[in-house]
Amino acid sequence: METTIRMVCLECSAPLDFTETWVDGELSDLLYEHPRTPAGTWDHDPLPALADPDDRSDQAWRHCDCCGIAAPRPEGFVNTWVLDPARPVRLRLGDRTFDYSSPWSVCAACSAAIAEDDLKMLLRRNAEHGRLPDTCTEEQREAGTALARELLLAFLAARPRRGAAF
């Protein structure tokens, strides 16, 4: 049985992202952060705590992790894709590493694109439904598109497979 350690915020129960900072090839810091939102900020700092491994409510995300489209139902999307644990999904930016190796919740259209290994469709949907703030410059949008491409490539390379519906 596959086990994933997940961290949540003790104050709001939101699942937390984490980043690693490396100096001279050594892990020097591990930082937990709330997920990025269109609003850009949270009203409190994260208070990391281990998630209850039997509580799957935080996995019913309210948006698709591939394209960002909002879920039509309050319980979120039920399609999940899990990754081969030997192939983590990490995105390195400068001296920081962002880990995206937890299960991804996705909409039906992105599920079909993943099953077909269709990067072009995932990128098109990401561009169409992505939640970038209106204040982004064209340069920031291009950088965001490049990062989305790199992340989605890493996701597909991690050989995702359908997980159990929640």
Side-chain angles (χ1 to χ4, degrees), residues 1-9 13-20 32-40 42 51 53 55-94 96-166:
M1 182 169 134
E2 187 175 308
T3 302
T4 302
I5 295 174
R6 294 177 294 128
M7 298 297 281
V8 295
C9 178
S13 299
L16 297 175
D17 295 334
F18 72 89
T19 59
E20 302 167 336
Y32 289 98
E33 301 172 302
H34 283 100
R36 305 270 191 268
T37 66
W42 290 74
D55 179 11
R56 297 179 179 247
S57 62
D58 67 315
Q59 292 185 13
W61 296 94
R62 307 294 186 245
H63 67 276
C64 174
D65 287 327
C66 290
C67 71
I69 194 170
R73 300 183 314 252
E75 65 272 17
F77 290 111
V78 295
N79 292 334
T80 60
W81 288 81
V82 293
L83 307 170
D84 179 343
R87 302 187 78 159
V89 177
R90 294 200 172 115
L91 185 61
R92 189 149 178 128
L93 298 173
R96 296 180 75 185
T97 302
F98 295 84
D99 187 276
Y100 298 96
S101 299
S102 60
W104 288 37
S105 297
V106 297
C107 66
C110 287
S111 285
I114 293 166
E116 296 295 320
D117 204 28
D118 189 345
L119 178 63
K120 287 183 181 180
M121 175 61 78
L122 291 173
L123 289 171
R124 185 186 66 73
R125 291 188 54 75
N126 185 275
E128 182 180 345
H129 301 292
R131 300 172 297 158
L132 290 174
D134 293 335
T135 57
C136 282
T137 66
E138 188 59 34
E139 184 177 290
Q140 289 169 325
R141 287 183 192 282
E142 288 173 10
T145 299
L147 287 174
R149 182 179 191 286
E150 189 175 337
L151 180 59
L152 290 170
L153 270 172
F155 175 75
L156 291 175
R159 298 185 184 160
R161 63 191 186 284
R162 263 190 219 280
F166 299 110

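In what follows, residues are counted from 1 in the order of the sequence shown.
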Candidates Leu91, Leu119, Val89 - the one meeting side-chain contact (heavy atoms from CB on, under 4.5 Å) with Leu153: Leu119
Is the shortest heavy-atom distance from the side chain of Cys107 to the side chain of Arg125 under 4.5 Å? yes
Applying the side-chain contact (heavy atoms from CB on, under 4.5 Å) criterion to Cys110, which one of Leu122, Ile69, Asp65 satisfies it? Leu122
Of all heavy-atom pairs linking Leu123 and Ala148, the shortest is CD2-C, 4.3 Å
Dump the intermediate steps for side chain to side chain contact (heavy atoms under 4.5 Å, CB included) on Leu16 and His34, then the final yes or no. CA-CA 5 Å; Leu16 297 175; His34 283 100; 3.9 Å; yes
Nearest heavy-atom neighbours spanning Asp118 and Met121: OD1-N, 3.0 Å
Counting only heavy atoms not in Glu128, do more than 12 sit closer than 6.0 Å to its CD atom? yes
Can you tell if the side chain of Asn126 reaches within under 4.5 Å of the side chain of Cys66, non-hydrogen atoms only? no
Out of curiosity, Arg149 CZ to Lys120 NZ, how far, rounded to the nearest 0.5 Å? 10.0 Å
